[in-house]
Amino acid sequence: MRFSCNKMPCALQHLHEKCAKRTAQAKRASDSFVQFSMQQVRTFGIFDFSMFKTALFSLGLLIGAHFSHVIRKFRPLVWAGFLFSYGYLIWRVFFSEKD
């Protein structure tokens with residue numbers, strides 16, 4: 001049910017306007033972040049995509065290792081692989097000057 005602005009109490013109308021402004025700001029910020037990330041990903045090479053796949057694969061293994069007793073003993077190795085590949089991707093997207 002939508003409220004008409006002239007039927008809404010003054011305090012609620014002010015809150016509604018404030019929330020609408022914050023939502024618009026958040027949308028602009030997320031759009032800017034996504035555009036920046038997409039621009040950086042366009043410069044990825046084969047090694048960068050292999051690190052991305054390694055990060056996704058090791059994250060899946062970590063989730064699966066939570067339920068499997070066979071893989072639990074390899075969790076530190078999987079964590080190391082995940083943290084290294086994820087750290088590399090963060091560095092590559094946000095801090096690398098490579099074009």
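Not measured: the values here are computed from a predicted model.
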Under 4.5 Å between side-chain heavy atoms, hopping through other hydrophobics if needed: is there a path connecting W91 to V93? yes
Supply the atom-to-atom distance F36 CZ to Q40 CD, rounded to the nearest 0.5 angstrom. 4.0 Å
Side chain to side chain contact (heavy atoms under 4.5 Å, CB included) with F84: which residues, sequence neighbours excluded? M51
Walk me through it: do Q39 and Q35 pass the test side chain to side chain contact (heavy atoms under 4.5 Å, CB included)? CA-CA 6 Å; Q39 184 180 22; Q35 289 299 322; over 6 Å; no
Keeping to residues at least two apart or across chains, list the salt bridge (Lys or Arg N to Asp or Glu O under 4.0 Å) pairs with something in residues 65-77. none
Who are the side chain to side chain contact (heavy atoms under 4.5 Å, CB included) partners of T54, not counting sequence neighbours? S85
Less than 3.5 Å apart, which donor and acceptor atoms pair up between the side chains of residues 25-32 and the rest of the protein, not counting sequence neighbours?
from: K27; atom 1: NZ; to: D31; atom 2: OD2; distance (Å): 3.0
from: S30; atom 1: OG; to: A26; atom 2: O; distance (Å): 3.2
from: S30; atom 1: OG; to: K27; atom 2: O; distance (Å): 3.0

When rounded to the nearest 0.5 angstrom, what is the spacing between OH in Y88 and OG in S96? 7.0 Å
Applying ring-ring contact (aromatic ring centres under 6.0 Å, His included), name anything that partners F57, two or more places apart in sequence or on another chain. none
Distance from L15 atom CG to C19 atom SG, nearest 0.5 Å? 4.5 Å
If I take atom CZ from residue R22 and atom NZ from residue K18, how far apart are they, to the nearest 0.5 angstrom? 4.5 Å
Sequence neighbours left out, cut at 3.5 Å: what donor-acceptor pairs do the side chains of residues 60-67 make with other protein atoms?
none

Would L56 and L77 show up in the same hydrophobic cluster when neighbours are defined by side-chain heavy atoms closer than 4.5 Å? no
Quick one: name the residues clustered hydrophobically with M38, using the 4.5 Å side-chain heavy-atom rule over I, L, V, M, F, W, Y, and just say none if it's on its own. V34
Applying side chain to side chain contact (heavy atoms under 4.5 Å, CB included), name anything that partners I90, two or more places apart in sequence or on another chain. Y86, F94, F95
Under the ring-ring contact (aromatic ring centres under 6.0 Å, His included) test, which residues partner F52, sequence neighbours left out? none
